[in-house]
Amino acid sequence: MLAVQGGFQRHVEHLREAGAEPVEVRLPTELEDLDGLILPGGESTTINMGIEKAGLAPAILAHHEAGRPVLGTCAGMIVAGKEHLDLIEITTRRNAFGRQLASFEDDIEVEGIVEGKIRAVFIRAPWVESTGDGVEVLAEVRDHPVAVRQGTVTALSFHPELTPDNRIHLWFSELCAA
Amino acid sequence: MLKGGVIMDVVDADQAKIAEEAGACAVMALERVPADIRKDGGVARMSNPRMIKEIQDSVSIPVMAKVRIGHFVEAQVLQSLSIDFIDESEVLTPADETNHVDKFEFDAPFVCGATNLGEALRRIGEGAAMIRSKGEAGTGNVVEAVRHMREIVGGIKHLTTLSSTELPTAAKNLQAPLELVREVATAGWLPVPVFCAGGIATPADAALMMQLGAEGNFVGSGIFKSDDPERRAKAIVEATTHFNDPERIAAASEQLGEAMPGIEMAALGEDGRLAGRGW
């Protein structure tokens, strides 16, 4: 669990409930030997700077290149995209749905990750502006992709940790264990 | 999503950019930092909307602004500017000595100061989406923030030890809504994030508040009243992230220049204290 800045605490609690053993990552050495990595929501500029200052980028790339899963949520989607860590071939638009006042919730289907609908909380959320060839779009809201996957990297515009529904964390924990 | 981050007071677009580049997760737009409000005296009010708009246009991180306690029209004005957070703040001169703003009337989220658990729960009961310690703004002295954070965290711990039959009396003593008291007793934490504010001047101050249970920090005068705001802003962000890592805090604290000059609490007198504003 990347813990440079943002809403990592609720992710940690959800992962624990899902039976995983979450570790907070603030330094490169803390990422060694972990089975998966979540990039949380927060302020993407702040998180990107924190990654740079702590020298975390090479460790995250090595984790990714070793085929270990990565999940980015909200700002974590931006951080995972082409403009930053480049783990997934997407470009994103920050605060795409508007400022804090324009935050909203919606019940959406996320193909291949959860059965049926899931409540998605969008807070100053980004959307996916463009996708490369290998990127699957798993969900759209207002005609913009809000959930995408390429290989072992999944990115969501919303905050799955802010609702009691634990299915996304269960799915990710199983993916990491596999 | 501001948790784990630092929210910095800024008075113009240039300072806002410095704050953003230093890694602030949000900025608080105000006309004077608390140290200057203290020095200048007079009535401190909501900032000029034009200045707030200029700051909104200059950064991509969230922008907050302050309203006077109870001044719901200042809050309406800020909401009309699509402000990201409204701080109903004791740093400004109160507009109503009996009532706080009914924050449920607004779509924009509110942050409010508190000196203890009862006050925090009263603000949440009025609709606050975030609580911060009041501390003593503009002093560069962290002692009051420590007191308030310990009061809040200690109060929560105490509630978790009570049986359900004891909670109504606890709510009465806290002067807080019983439903919220029950919720906190069960969850062991407030239903909203708790940040620290009021007196942080050094990276070690910022890390101290995180270790005491704050989920993030507001820094006002501490940055732009110091010798080297840019470097100090970065160092305080670093210390807030790596709050359990003394070596990194030490490294961040080197070559910072002078911190803002501090004020000893006894020198303020009762009238000089801002934390007593609000009820």
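Chain A is the first sequence line, chain B the second, and so forth, proteins listed ahead of strands; every chain is numbered from 1.
Taking 4.5 Å as the limit, some side-chain heavy atom of A/Glu43 sits within range of a side-chain heavy atom of B/Pro62. The shortest distance between side-chain heavy atoms of B/Met1 and A/Thr73 does not fall below 4.5 Å.
Of all the heavy atoms in A/Thr45 and B/Ser60, the pair that sits closest is CG2-OG, 4.2 Å.
If you measure heavy-atom distances from B/Asp245 to chain A, the contacts under 4.5 Å come from the side chain alone. For A/Ile47, no part lies near chain B; criterion is any non-hydrogen pair under 4.5 Å. For B/Ala22, the part sitting under 4.5 Å from any heavy atom of chain A is the backbone (N, CA, C, O) and nothing else. Residue contact with chain A, scored on non-hydrogen atoms closer than 4.5 Å, is absent for B/Pro193. Heavy-atom distances place no part of B/Glu215 under 4.5 Å from chain A, backbone and side chain included. Residue contact with chain B, scored on non-hydrogen atoms closer than 4.5 Å, is absent for A/Ala75.
Between the side chain of A/Gln5 and the backbone N or O of B/Lys3 there is at least one donor-acceptor pair closer than 3.5 Å.
For A/Glu161, the salt bridge (charged side-chain N to carboxylate O under 4.0 Å, His left out) test picks out no residue, with sequence neighbours left out. Every residue meeting the side chain to side chain contact (heavy atoms under 4.5 Å, CB included) condition with B/Pro191, not counting sequence neighbours, appears here in chain and number order: B/Ile124, B/Leu180, B/Glu183, B/Val184.
Counting non-hydrogen atoms of neighbouring residues, nucleotides and ligands closer than 6.0 angstrom, the CZ atom of A/Phe97 exceeds 12 such neighbours. More than 12 heavy atoms of other residues, nucleotides or ligands lie within 6.0 Å of NZ in A/Lys53, so this atom counts as buried by the packing criterion. Around the CD atom of A/Glu83, the shell of radius 6.0 Å holds more than 12 heavy atoms that belong to other residues, nucleotides or ligands. Other residues, nucleotides and ligands contribute more than 12 heavy atoms inside 6.0 Å of the CD atom of B/Gln211.
Interface with chain B: from residues 118-140 of chain A, residues A/Arg124 qualify, criterion being any non-hydrogen pair under 4.5 Å. Below 4.5 Å, heavy atoms of chain B meet heavy atoms from A/Arg26, A/Leu27, all part of residues 15-40 of chain A.
Here B/Thr241 is the residue among B/Thr241, B/Thr240, B/Val63, B/Val237 with the most heavy-atom pairs under 4.5 Å with chain A. In terms of non-hydrogen atom pairs under 4.5 Å with chain A, the most contact-rich of B/Ile61, B/Ile83, B/Asp107, B/Val6 is B/Ile61. Your options are A/Cys74, A/Ala3, A/Gly6, A/Gly41, and the one with the most heavy-atom pairs under 4.5 Å with chain B is A/Gly6.
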